[in-house]
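Note that the structure is predicted; figures quoted are calculated from it, not measured. Order of appearance sets the numbers: ligands from 1, and atoms from 1 within every ligand. Note: hydrogens, waters and symmetry copies are ignored here, and every other heavy atom, side chains too, is used.
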Amino acid sequence: MARDFTSVGVVGLGTMGAGIVEVFARNGVDVVAVEVSEDALERGRAILTGSTDRAVAKGKLAEADRDALLSRVRFAVGLDALHSVDLVIEAVPEHLDLKQRIFAELDRVCKPEAILATNTSSLSVTEISVATSRPNQVIGIHFFNPAPVMKLVEVVRTVVTSADVVADVEGLCKRLGKVDVTISDRAGFIANALLFGYLNHAVGMFESHYATREDIDAAMKLGCGLPMGPLALMDLIGVDTAYEILDTMYRRGGRDRRHAPVPLIKQMVTAGLLGRKSGRGFYTYERPGSPVVVPDEQTPVTADAALGDGTRAGGESAGPAAVSKIGIVGSGTMATGIIEVFAKAGYEVVSVTRGAEKSAKVFEAVKTSLNKGVVRGKLSEADRDAALGRINWSATLEHLADVDLVVEAVVEELSVKKALFASLDEICKPGVVLATTTSSLPVIDVAMATQRPADVVGLHFFNPAPLMPLVEVVETIRTSAETTATARAVCAALGKTGVVCGDRSGFIVNALLFPYLNDAVKMLEASYSTADDIDHAMKLGCGYPMGPFELLDVVGLDVALAIQRELYLELREPGFAPAPLLEHLVTAGYLGRKSGRGFRDHTRR
Ligand SMILES: NC(=O)c1ccc[n+]([C@@H]2O[C@H](COP(=O)([O-])OP(=O)(O)OC[C@H]3O[C@@H](n4cnc5c(N)ncnc54)[C@H](O)[C@@H]3O)[C@@H](O)[C@H]2O)c1
């Protein structure tokens, strides 16, 4: 007969434990909440009351329900209070010896039929289980942060966990309103195995001054639709907890260098910069435990102030140049979208294509897209006509002689782009910003085709350009501060967020996104889980808008493979080697939605 879990114990009331207590108590289960000292108990109680008070204030929980919830929780110091519970969930810091000690003690204290569960993110549930005399009743129940909000629970069975224990815990998760995926005991399970290489990489970008914390986070939020950027997420997880998870994953997960914690993380832990819980991590918070970010010495001055100032350390001019007339070269998807974006924002545009036929096609495409805006009530007919009227159509580069900014969006071939930039160098007036939209070529190669590399910058728009709010502004080692300031000011004038980054393969977004997608393919290839469960885990555990396989099918497997190859070739990181399964699918013509089949068969839906 299935166990009914009328009372549970939670050990450790930190970031996770306090949230797990709330999940159970909200669902009518009596909870014994245990900490190591009276002080820690008070901290845990404060997290729980803070969270439930916020839920009441937001109208998500009635006051009476909050009181009933809190009345179900009994707080205690020491494990002895857990003698009669049906299930214990341990959520103490991520140290194997500590967890093993606690499990040995729980084994002694708890009734023989009680299930003992760990919320570990990366340690071996099997190794924890053997500290008890009942490893068949030990299981991983991995909640996601914040536990009351995130729907996913990873249920981790070891080789000795009894089938009835697994089934009962799965039933319990459903009763808690969670979606569970059951998996075996591997470092990082599904979600963290895919998440932490990405987080560590993002910290590495920040540590090496590749981009600012705000720009890294904005890039992933706006470029990928993630609920928060990686550095804000590190602060939510807890920098100390993240360190321990990375360290364990490095040791357990085949010593993948991508999991070796970036040195800055250890330094932050030593300095007590633990994230939200200590009031300061990558960002500074109103007070310990608060989610509200307050300005600190790294906060950029507002765009207006920065642009008005016009100087940088050393007295170098960094103010943006005035830009009103734009040249756009190309006639593909990106060029078409970018023409629309500039014309709609009020710029005078000179579109240069390879002939009248191409120009006519682009004109039709821009008109169709603007018409959609009119139909949806987002654009008046007069504004549409004005935008179209601002575009001058040309088949010769000579017409770019008096523009203030050129955006190149021609085919992704270095020789073609270099030849074009050499011509622009001859034609354009001095001081003009020359921008390339390349997504994979080094911007410096293009810049050096001109006599004015200081004026060359990358402007990496995302597809579809009229909709995507992000532009990566790519600085080469020769780009001047003024060029970058101008490019950023133009992005702002377009209503987009320009994030500045260095000239490395994948810039910010692709460099962080594609290795994660590639890792998901490797996980599938290793038969650790199914595409459906992996997609579920990332959507419900981490709040991603799409799972990795859904996204790969949309992006195109061939595109993903090409980007991953570039990253691998430039960075020589063994973990970036494209997954063989990805290569095979591309060879077989399974490219995703566009070919009808990728990881899923789209012809039958
Ligand atoms: N932070 C996350 O986002 C996250 C997500 C999922 C799982 N986890 C896992 O959950 C576990 C807890 O992580 P956290 O981030 O909540 O850590 P935390 O540091 O915020 O909290 C740990 C708590 O355990 C308490 N504790 C320490 N020793 C104890 C003992 N002997 N008895 C009782 N309590 C004790 C501490 O006082 C502290 O309150 C870890 O295994 C972690 O990997 C964390």
For [atom], find the nearest protein heavy atom and state the residue, atom name and distance (0.1 Å precision).
atom: atom 19 (O) of ligand 1; answer: Lys277 NZ, 3.3 Å
atom: atom 16 (O) of ligand 1; answer: Met16 N, 2.8 Å
atom: atom 38 (C) of ligand 1; answer: Glu35 OE2, 3.4 Å
atom: atom 35 (C) of ligand 1; answer: Val92 CG1, 3.5 Å
atom: atom 1 (N) of ligand 1; answer: Ile237 O, 2.8 Å

Looking only at N/O atoms, are [X] and ligand 1 under 3.5 Å apart anywhere?
X: Asn119; value: yes
X: Asp240; value: no
X: Glu94; value: yes

So, applying side chain to side chain donor-acceptor pair (under 3.5 Å) with Thr120, which one of His142, Glu94, His95, Glu244 is it?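 Testing each of His142, Glu94, His95, Glu244 against Thr120, the sole residue satisfying side chain to side chain donor-acceptor pair (under 3.5 Å) is Glu94.
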
I'd like to know if the side chain of Asp168 and the backbone of Arg3 have a donor-acceptor N/O pair within less than 3.5 Å. yes

Main chain of Ala114, side chain of Gln137: is a donor-acceptor contact present, judged purely on distance under 3.5 Å?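 Pair found, side chain donor or acceptor close to backbone of Ala114.
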
Side chain, backbone, both or neither: [X] near ligand 1, heavy atoms under 4.0 Å:
X: Arg101; result: neither
X: Ile102; result: side chain
X: Lys99; result: side chain
X: Phe143; result: backbone
X: Thr241; result: side chain

Does the pair Asp4/Arg175 count as a salt bridge with the N-to-O cut at 4.0 Å? no

Short N-O contact, Arg43 and Asp39, less than 4.0 angstrom: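 Looking at Asp39 together with Arg43, the answer is no, because their closest N to O distance does not fall below 4.0 Å.
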
By number and element, which atoms of ligand 1 are closer than 4.0 Å to a non-hydrogen atom of [X]?
X: Val36; answer: 29 (C), 30 (C), 31 (N), 32 (N), 33 (C), 34 (N), 35 (C)
X: Thr120; answer: 41 (O)
X: His142; answer: 6 (C), 7 (C)
X: Thr15; answer: 15 (O), 16 (O), 20 (O)

Between ligand 1 and Gly238, can you find any atom pair, the residue atom being a heavy atom, that is separated by under 4.0 Å? no

Output, in order, the C-alpha distance, side-chain angles, deciding distance and verdict of side chain to side chain contact (heavy atoms under 4.5 Å, CB included) for Leu13 and Leu48. CA-CA 9 Å; Leu13 306 178; Leu48 178 64; over 6 Å; no

If you look only at distance, which donor and acceptor atoms sit under 3.5 Å apart when one is on a side chain in residues 271-288 and the other is two or more places apart or in another chain?
unit_1	atom_1	unit_2	atom_2	d
Lys277	NZ	Asp240	OD1	3.0
Lys277	NZ	Asp240	OD2	3.3
Ser278	OG	Gly272	O	3.1
Ser278	OG	Leu274	N	3.0
Ser278	OG	Gly275	O	3.4
Ser278	OG	Arg280	O	3.1
Arg280	NH2	Glu297	OE2	3.2
Tyr283	OH	Arg213	O	3.2
Tyr283	OH	Asp217	OD2	2.6
Thr284	OG1	Asp296	OD2	2.7
Tyr285	OH	Asp235	OD2	2.7

Side chain to side chain contact (heavy atoms under 4.5 Å, CB included) between Thr158 and Val138, intermediate numbers included: CA-CA 8 Å; Thr158 74; Val138 175; 5.8 Å; no

Residues Asp86 and Thr6: side-chain donor-acceptor under 3.5 angstrom: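 Present: a donor and an acceptor within the cut-off.
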
A side-chain contact here means heavy atoms from C-beta on lying under 4.5 Å apart; do Phe599 and Leu585 qualify?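 The answer is yes; the side chains approach within 4.5 Å.
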
Please lay out, stage by stage, how Asp256 and Glu573 fare under the test side chain to side chain contact (heavy atoms under 4.5 Å, CB included). CA-CA 10 Å; Asp256 183 339; Glu573 168 55 64; 4.3 Å; yes

Out of [options], indicate the one that has the non-hydrogen atom closest to [atom].
atom: atom 2 (C) of ligand 1; options: Val11, Asn145, Asp39; result: Asn145
atom: atom 43 (O) of ligand 1; options: Gly12, Ala147, Gly17, Ser121; result: Ser121
atom: atom 24 (O) of ligand 1; options: Ala40, Gly78, Pro93, Gly14; result: Pro93

Please identify each residue that fulfils side chain to side chain donor-acceptor pair (under 3.5 Å) with Ser7, with sequence neighbours left out.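 So Ser7 forms no side chain to side chain donor-acceptor pair (under 3.5 Å) with any residue.
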
Mind checking whether Phe24 and Phe143 have parallel, tilted or perpendicular rings, split at 30° and 60°?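 Aromatic pair Phe24/Phe143 classed perpendicular.
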
